[in-house]
Amino acid sequence: MDPDTAADFTVENVEKALHQLYYDPNIENKNLAQKWLMQAQVSPQAWQFCWVLLRPEKVPEIQYFGASALHTKISRYWGDIPAEQYDTLKTQLFSQIAHFASGSKIVLTRLCVALASLALNMMPEAWPGAVSEMVRMFQEEGGEVDGRARCLALLELLTVLPEEFQTSRLPQYRKGQVRGALGREWTAVYPLLQQLLRQPDSPPLVKARVLKCLSSWVLLDVPLNESEGLVEASFTALADPELFDTAVEAIVNTISQPDSQRYVNTLLKLVPQVLQLQEQLRDAVQNGDMETSHGICRIAVSLGENHSRALLEQVEHWQSFLALVNMIMFCTGIPGHYPVNETTSSLTLTFWYTLQDDIMSFEAEKQAIYLQVYRPVYFQLVDVLLHKAQFPTDEEYASWSSDEKEQFRIYRVDVSDTLMYVYEMLGAELLSNLYDKLGRVLTNTEPTTTWQHTEALLYGFQSIAETIDVNYSDVIPGLIGLIPRININNVQLADTVMFTIGALAEWLADHPVMLSSVLPLVLQALGNPDLSVSSVSTLKKICRECKYDLPPYAANIVAVSQEVLIKQIHKTSQCMWLMQALGFLLSALPVEEILRNLHSLITPYIQQLEKLAGETPNPSNKLAIIHILGLLSNLFTTLDITKPEEEPGENVVVVLQQVFALIQTVLSKWLNDSQVVEAVCAIFEKSVKTLLHDFAPMVSQLSEMLGQMYSTIPQASALDLTRQMVHIFASETNHFPPIKALFELVTSVTLTIFQQGPRDHPDIVDSFMQLQAQKPSMNVCECLRVLSLKFPEAPTVKSTCLFFTELIPRCADVPPVGQVVQEHGKLLLLAVLEAIGGQSSRSLMDQFAEVLFCLNKHCFALLTVWLKEALRSPGFPSSRVSNEQKDTFSQQVLRERVNKRRVKDIVKEFTLVCRGLHGTEYAADY
C-alpha cells in the first residue's frame with residue numbers, strides 16, 4: 001500500500017492496508033501501511049468508511065480500526081463536525097455500543113472512548129445530563145442484548161469517561177467547565193455503583209468493573225464524603241480474592257486524592273476499617289501470601305501518609321491513630337528479607353518521614369505532648385529498621401542473584417537515610433541507645449550473637465555519623481574503644497567497620513589520641529581486595545581530616561600504600577583515591593620529608609614511564625601510560641605545600657621538571673591520541689593549582705608544549721589548562737610573553753574550528769568561551785563570534801553569554817573592547833533577538849536577557865539605535881509579532897537599566913509572543 005499512489009481512502013483499500021499491517025512479513029511494507037492508515041484515519045472519507053468497517057461481518061481488527069478512526073475524528077477534529085449532526089452521531093454510537101456489548105471487548109472499549117469524547121465536547125450546553133442519559137439508555141430493557149452485557153458496557157463507558165477527560169485536548173477554560181459538569185453527574189453514577197457492588201447476586205466480573213469505575217472517577221476529585229458508602233463496600237470486597245487487587249486500587253486511589261483531607265469525619269470512619277484488616281494481614285504474612293500483605297500495607301500507608309496531619313489533630317481519637325501507626329510499624333518490620341521474601345517494608349519508609357515532619361511542625365507545647373507518645377514509637381522503629389537491614393546468613397546471601405543483592409543494597413541506603421532523619425527527633429539518646437546495644441552484643445560471651453547483628457548496629461552508627469556532627473557525643477570514645485574488639489570474620493562486617501571509621505574521621509581529628517586504635521585496622525584492610533572501596537575511602541578521609549596528627553604514622557601509611565600499589569591489589573579508581581590520600585598525608589610533613597617520600601613514591605612510576613616511552617605505541621601500553629599519568633595527577637591534586645615559614649615550592653618543582661622531561665618524550669609519540677593528551681593536561685592543571693606561583697620556572701616550557709598539543713589535536717582539556725595559567729600568571733610581566741603567545745595561538749586555532757563548523761566541537765567552544773571570559777581584554781577582536789549563540793547545546797550558549805556579559809562592561813575603560821563592541825555589537829544584538837524570536841530553547845532566555853541588560857547598562861546610546869534598526873525589519877525576530885508589540889518590547893527594555901529581574905520577565909513575555917505561545921497552557925508553567 002503506497003501512501004503516494006493510493007490516496008483513495010476507500011473501504012477496500014483500508015482493508016487491504018490493514019491486512020498488510022497485520023500479516024505482511026516485510027517490515028517496510030508494514031511501516032508503509034501504518035503511515036497510509038494514519039492518513040486515512042484523519043481524512044474526510046473516514047466518516048464514510050468507519051461505519052462500514054464496524055459491520056458485524058467484519059473481523060475484530062477491521063472493526064477496531066473503524067472505532068479508532070471515529071475516536072480520532074471526534075477528539076481531534078471536533079470543529080469539523082456541524083452542530084446539527086451531534087445528535088445523529090450520538091444515536092449511532094449508542095447503537096453501536098449496544099451491538100458490541102456482547103461482541104469484541106477491544107472494539108467495545110474504543111467505541112466507549114469515542115462516545116466519551118463526544119460527551120466531553122458537547123458538555124454541558126449541547127448535552128446536559130450526559131451521564132444520566134447514558135445510565136438511563138443502558139438500563140432500559142429491550143433489544144437482543146442481555147442485561148449483564150449491557151451492564152458491563154455501561155460500566156466500561158463510565159470508566160473511560162474520566163480517563164478520556166484526563167487526556168483530552170480541551171482548551172483550559174473548557175476543561176474547568178467540563179470538570180464541574182462531570183462532578184455534578186457523580187450523583188447519577190454513585191447509586192448505580194453502590195447497588196451493583198452491594199447486590200449479593202452481582203457476578204465478580206461486574207463488581208471488579210465497578211471498582212475500576214470508582215478508581216477512575218476519584219481522579220476527578222469526587223468529594224470523599226460523597227463516595228463513603230462505596231469505599232466501605234470496597235473494604236468488604238477485600239475479602240474476595242478475585243476482587244482483592246481492584247479493591248486495593250480503588251481504596252488507595254480514593255484515599256490519596258489531595259482533596260480528601262478536607263473530609264476529616266470520613267477519614268476517621270476509615271481508620272477502624274483499615275485496622276480491621278490486621279487479622280487478614282497477619283494470616284497473609286503467616287501463609288507467605290506476599291500479594292495480600294502488600295495490598296493491605298498499601299492501604300494502611302496511603303491513609304497514614306496522606307492524612308497524618310489531619311488525623312494527629314483529632315486528639316480525642318489519638319488511640320485509633322496510634323493503632324494505625326503500629327499497624328504500619330508491623331508492615332515495616334514484616335518478617336523475611338527484602339527483596340527476596342518480602343517487598344512491602346520499603347513502601348512504609350516515607351510514612352515515617354511524614355509523621356515526624358507533622359509532629360515537629362507543631363508549636364512547642366503541643367509538640368511536647370505528641371513526643372511523649374511518639375518518641376518510644378520511633379525508638380522501636382530504629383530497632384525494627386536495624387533488624388530489617390541485617391544481612392541474611394552467608395549461605396542464603398550466596399544464593400541471591402546480583403539483582404537481588406543490588407536491590408538490598410539500595411534498600412539499606414533507604415534505611416540509612418531514614419535513620420539519619422529520625423536522629424533529628426531522637427537526638428543524642430539514639431546514639432547512646434545504639435552504643436548500649438553494641439556494648440551488650442560485644443561483651444556478651446554467649447555464642448548466640450551473629451555478625452549480622454553487630455554489623456547492623458554499626459551500620460546505624462555509620463548512617464548517623466556520616467552526615468551529622470557527632471563531635472559533642474560522649475559515646476564515640478567508647479565506640480572507638482569497642483571497634484578493635486569486633487571479631488571481623490566476614491567481608492560485609494569488615495566493610496561496615498571501615499565505613500564507620502571513615503564516618504568518624506572528623507571526630508578523630510578532634511581526638512587524635514584515638515587514631516592509634518583504628519589506623520592499624522584500616523592499614524590491614526588495605527591489603528584485602530574485597531575491602532578495596534571501604535578501606536581506601538576511609539584512609540582518604542582520615543588523611544584529609546587528620547593530616548596534622550598523622551606525621552608519626554606517615555612512614556607506615558606510605559609503606560603499606562606503596563606495597564598495595566605495587567601488588568596492584570586495587571582497581572584504577574581506588575588507586576587514584578589512594579594517591580589523593582597520600583597527597584593529603586604528605587602535605588602536613590616538613591619539606592625534606594615531602595621530597596623524600598615523593599621520590600620513593602614517584603620513582604617506580606618514572607621508571608615504568610621511561611620504559612613505556614621507549615616502546616612503540618599500542619593499546620596496552622597506552623592504558624598503562626594513562627594509568628601512571630592519572631596516579632601522578634591525583635597525587636598533585638591534594639598535595640598542598642604552601643607553608644608560610646618555608647620556601648618548599650622550588651624543590652617540588654624540581655621533581656615536576658624531571659616528570660616534565662619524561663612527559664615530553666611520551667607526548668612525542670602520543671601527540672595524536674586525545675586520551676593521553678587529556679591525561680597530560682590533567683597532571684599540569686592539578687600541579688598548577690597546587691603549586692600556584694612556585695610553578696613559575698615551568699611556565700614557558702609548558703606554554704610551548706600546550707601550544708604544540710592544541711595545534712595537533714584541539715581539545716577542551718588544553719584550553720582549561722591555558723585558562724588556569726592565564727588566571728595565575730597573566731598579571732606577572734616576566735611570565736606574560738609565553739602565555740600571551742599561547743593565548744593567541746589557541747585563539748587562532750579555535751577560530752579556524754569555528755569557521756569549519758563549531759557545532760561538531762561544543763566542548764571546545766564552551767572551554768574557549770570560558771577562557772575568553774577570563775581575560776576579555778586579551779585579543780578581543782577575534783572573540784566576538786556570535787555563531788556559538790546559535791548552538792543547540794545549552795552550556796555553550798551559557799558560556800558564550802557569560803563571555804559577553806564579562807566583555808561589555810569593559811567597553812568604557814578598555815579602548816580595544818569599546819572598539820570591538822562598536823563594530824560588532826549590532827551583530828550580537830541581532831543574534832540575541834533571533835534567539836528570543838524562537839531560534840533558541842526557552843530555557844536559555846535568562847542568559848540572553850543578561851546580555852541585553854548588559855548592553856543597555858553600558859552601551860545605552862548604541863543599543864537605542866541598534867534596537868530601532870533591527871526591529872524595523874518585517875517579520876524579525878518572528879512573523880507572529882506586530883510592530884506595536886516590537887515597539888513596546890523595545891521601550892520596556894530600554895527603560896530597565898537597574899532591574900535585571902524585570903528585563904528577564906520582559907524577555908520571557910516577548911519570547912512567548914514570538915513563539916505564538918502567549919496565553920496558552922505551555923506558558924502557564926513558564
Mind jotting down which residue pairs meet the side-chain hydrogen bond (donor to acceptor under 3.5 Å, both in side chains) criterion with at least one end in residues 554-570? Sequence neighbours excluded, please.
Ser532-His570, Glu563-Lys567
Give the minimum heavy-atom separation between [X] and [Y], together with the two atoms involved.
| X | Y | result |
| --- | --- | --- |
| Phe499 | Ser537 | CE2-OG, 3.7 Å |
| Cys546 | Ala505 | SG-O, 3.5 Å |
| Cys543 | Phe584 | O-CB, 3.4 Å |
| Ala509 | Asp549 | O-OD2, 3.7 Å |
| Leu523 | Val560 | O-CG1, 3.7 Å |
| Lys622 | Asp673 | NZ-OD2, 3.0 Å |

Are the side chain of [X] and the backbone of [Y] linked by a donor-acceptor contact shorter than 3.5 Å?
| X | Y | value |
| --- | --- | --- |
| Thr538 | Met498 | yes |
| Thr911 | Val907 | no |
| Asn621 | Thr616 | yes |
| Ser587 | Thr638 | yes |
| Lys669 | Ala613 | yes |
| Asn528 | Ala525 | no |
| Gln715 | Ser674 | yes |

[Y] side chain reached by [X] side chain, heavy atoms, under 4.5 Å:
| X | Y | answer |
| --- | --- | --- |
| Trp577 | Leu539 | no |
| Leu745 | Tyr710 | no |
| Ser840 | Met845 | yes |
| Leu586 | Leu601 | yes |
| Lys826 | Val865 | no |
| Leu706 | Ser703 | no |
| Pro877 | Phe910 | yes |
| Arg901 | Asp846 | yes |

Crowding at [atom1], [X] (>12 non-hydrogen neighbours, <6.0 Å):
| X | atom1 | result |
| --- | --- | --- |
| Lys405 | NZ | yes |
| Gln524 | CD | no |
| Glu704 | CD | no |
| Glu506 | CD | no |

Distance in Å, [X] [atom1] paired with [Y] [atom2], rounded so as to fall on 0.5 Å steps:
| X | Y | atom1 | atom2 | value |
| --- | --- | --- | --- | --- |
| Cys575 | Leu578 | SG | CG | 7.0 Å |
| Lys686 | Leu635 | NZ | CG | 12.0 Å |
| Ile602 | Phe636 | CD1 | CZ | 4.5 Å |
| Gln580 | Thr637 | CD | OG1 | 5.5 Å |
| Ile628 | Leu609 | CD1 | CG | 5.0 Å |
| Leu526 | Ser535 | CG | OG | 4.5 Å |

Criterion side chain to side chain contact (heavy atoms under 4.5 Å, CB included) on Leu515 and Ile542, from CA distance to verdict:
CA-CA 9 Å; Leu515 275 167; Ile542 290 175; 4.0 Å; yes
If you apply the rule side chain to side chain contact (heavy atoms under 4.5 Å, CB included), what do you find for His627 with Leu623, and how did you get there?
CA-CA 6 Å; His627 180 73; Leu623 284 176; over 6 Å; no
Under the ring-ring contact (aromatic ring centres under 6.0 Å, His included) rule, what pairs show up with a residue in residues 658-677, not counting sequence neighbours?
Phe660-Phe684
Does the pair Arg723/Asp720 count as a salt bridge with the N-to-O cut at 4.0 Å?
yes
Short N-O contact, Glu545 and Lys541, less than 4.0 angstrom
no
Assess the residue pair Ile501 and Leu521 against the criterion (side chain to side chain contact (heavy atoms under 4.5 Å, CB included)); give the C-alpha distance rounded to whole Å, side-chain angles, the decisive distance to 0.1 Å, and a yes or no.
CA-CA 10 Å; Ile501 295 170; Leu521 291 173; 4.3 Å; yes
Result for side-chain contact (heavy atoms from CB on, under 4.5 Å) between Asn597 and one of Ile557, Leu582, Leu589 points to Leu589
Hey, can you pull the donor-acceptor pairs under 3.5 Å for the side chains in residues 850-863, sequence neighbours left out?
| unit_1 | atom_1 | unit_2 | atom_2 | d |
| --- | --- | --- | --- | --- |
| Glu850 | OE2 | Lys904 | NZ | 3.1 |
| Asn856 | ND2 | Val893 | O | 2.8 |
| Asn856 | ND2 | Glu896 | O | 2.9 |

Side-chain donor-acceptor pair present, Arg596, Ser600, cut-off under 3.5 Å
no
Before giving the answer on side chain to side chain contact (heavy atoms under 4.5 Å, CB included), spell out for Leu833 and Trp866 the whole-Å C-alpha distance, their side-chain angles and the decisive distance to 0.1 Å.
CA-CA 11 Å; Leu833 291 173; Trp866 292 338; over 6 Å; no
